[in-house]
Amino acid sequence: MTEISAIVAELRDRAGKGAARATRRDGKVPGVIYGGKQEPICIALDPRVIWAELHKPGFKTRMFDVDLGESGKHRCLARDVQFHPVTDQPVHIDLMRVSADAVVHVKVPVHVVNADKSPGVKAGGVVSLELHEVEVTCAPDLIPGEIVIDLDGKDVGYSVHVGELGLPAGVTPYHVGAGAAVLTIAPPTVKGGEAEAPAAQA
């Protein structure tokens with residue numbers, strides 16, 4: 001099951017750049033909830049709530065129950081967060097409504113584990129991650145939080161393609177073929193005709 005996080009937001013009564021600036025002056029982050037064959041809703045969130053969620057794994061693969069008090073709750077996916085170019089603070093967030101029978105397109109991050117247990121890496125092989133995320137289509141409650149590739153025991157020449165990821169039933173790659181490379185362990189860099197030895201550990 002997809003993880004669901006509950007967050008609290010406030011309604012904003014006006015849209016537009018002026019209203020958004022006023023929201024920021026009040027110390028809140030403006031946002032919008034859209035989709036689900038309903039009218040968009042302008043909201044405001046505490047920036048600390050957004051930062052807390054951003055620092056959890058899988059921000060764009062988790063579901064959010066956005067509580068608007070008397071205006072009800074909306075189950076959403078985070079689609080975009082805009083940041084200030086100088087302060088790097090969040091300045092706007094887009095949330096998309098989803099229903100249980102919806103089909104969504106989500107980019108799922110690829111996470112590599114146990115590279116330190118790979119004979120190929122120990123021999124100087126280079127892990128080349130060709131796809132840092134894989135876009136999939138599925139029902140909202142089937143969204144994988146991450147795709148894990150375990151390199152324990154894997155040697156130089158090992159590779160993983162999209163069709164070998166073992167995605168859960170009901171989760172289908174989108175806009176990428178089964179033969180697309182996700183990860184390879186490439187041979188060590190060669191200098192002067194000999195493989196360069198891995199750096200000694202201090």
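- The number of heavy atoms from other shown groups lying within 6.0 Å of CD (Glu39) does not exceed 12.
- Cluster membership for Met96 and Val81, using ILVMFWY side-chain heavy atoms within less than 4.5 angstrom, is not shared.
- With a 4.5 Å cut-off on side-chain heavy atoms, His105 and His175 do not count as touching.
- In this structure, CG on Leu183 lies 10.0 Å from NE2 on His132, to the nearest 0.5 angstrom.
- Following chains of ILVMFWY side-chain contacts shorter than 4.5 Å, one cannot reach Leu131 starting from Tyr174, and the two form parts of different hydrophobic clusters.
- Heavy-atom minimum distance, Ile185 versus Ser118: CD1-OG, 3.7 Å.
- Taking the side chain as every heavy atom from C-beta outward, Val182 and Val110 approach each other to under 4.5 Å.
- The distance from the CG atom of Asp94 to the CG atom of Asp80 is 5.5 Å, given to the nearest 0.5 Å.
- From Ile93, atom CD1 reaches atom CZ of Phe59 across 4.0 Å, with rounding to the nearest 0.5 Å.
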Steps toward side chain to side chain contact (heavy atoms under 4.5 Å, CB included) verdict (Leu167, Ile147):
CA-CA 8 Å; Leu167 296 172; Ile147 296 169; 3.9 Å; yes

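- Side-chain atoms of Arg75 and Ile4, non-hydrogen and from C-beta on, do get closer than 4.5 Å to each other.
- The side-chain heavy atoms of Val32 and His92, taken from C-beta on, include a pair separated by under 4.5 Å.
- Closest heavy-atom contact between Ala78 and Phe64: CB-CE1, 4.0 Å.
- Pro109 approaches Thr61 most closely through the heavy-atom pair CD-CG2, 4.0 Å.
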Side chain to side chain contact (heavy atoms under 4.5 Å, CB included) between Val121 and Val127: does it pass, once the steps are laid out?
CA-CA 7 Å; Val121 174; Val127 177; 3.6 Å; yes

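- A salt bridge links Asp46 with Arg48: at least one charged nitrogen is closer than 4.0 Å to a carboxylate oxygen.
- The two residues Pro30 and Thr23 have their closest heavy-atom pair at N-CG2, 3.9 Å.
- Hydrophobic clustering (ILVMFWY, side-chain heavy atoms < 4.5 Å, transitive): Ile41 and Val29 are in one cluster.
- With rounding to the nearest 0.5 angstrom, the CG atom of Leu95 is 5.5 Å from the CD1 atom of Ile33.
- When every heavy atom of Thr184 is checked against every heavy atom of Ser159, the shortest pair comes out as CG2-CB, 3.6 Å.
- Within a 6.0 Å radius of NZ in Lys73, no more than 12 heavy atoms belonging to other residues, nucleotides or ligands are found.
- For the atom pair CG (Leu45) and NZ (Lys28), the distance works out to 8.5 Å, reported to the nearest 0.5 Å.
- If you chain together hydrophobic residues whose side chains sit under 4.5 Å apart, Met63 and Ile50 never meet in one group.
- Annotation: side chain of Val112 is in contact with side chain of Leu151 (closest heavy-atom distance under 4.5 Å).
- We find the NZ-NZ distance between Lys122 and Lys117 to be 9.0 Å, quoted to the nearest 0.5 Å.
- Between Leu68 and His74, the closest side-chain pair of non-hydrogen atoms falls below 4.5 Å.
- Residues Leu77 and Ile143 form a side-chain contact, since some pair of their non-hydrogen atoms from C-beta on lies under 4.5 Å apart.
- When side chains are defined from C-beta on, Glu146 does not count as touching Pro57, because their heavy atoms never get closer than 4.5 Å.
- Counting all heavy atoms, side chain and backbone alike, Gly125 lies closest to Pro188 at N-CG, 4.0 Å.
- In this structure, Leu165 is not a member of the same hydrophobic cluster as Val148, with clusters built from ILVMFWY side-chain heavy atoms closer than 4.5 Å.
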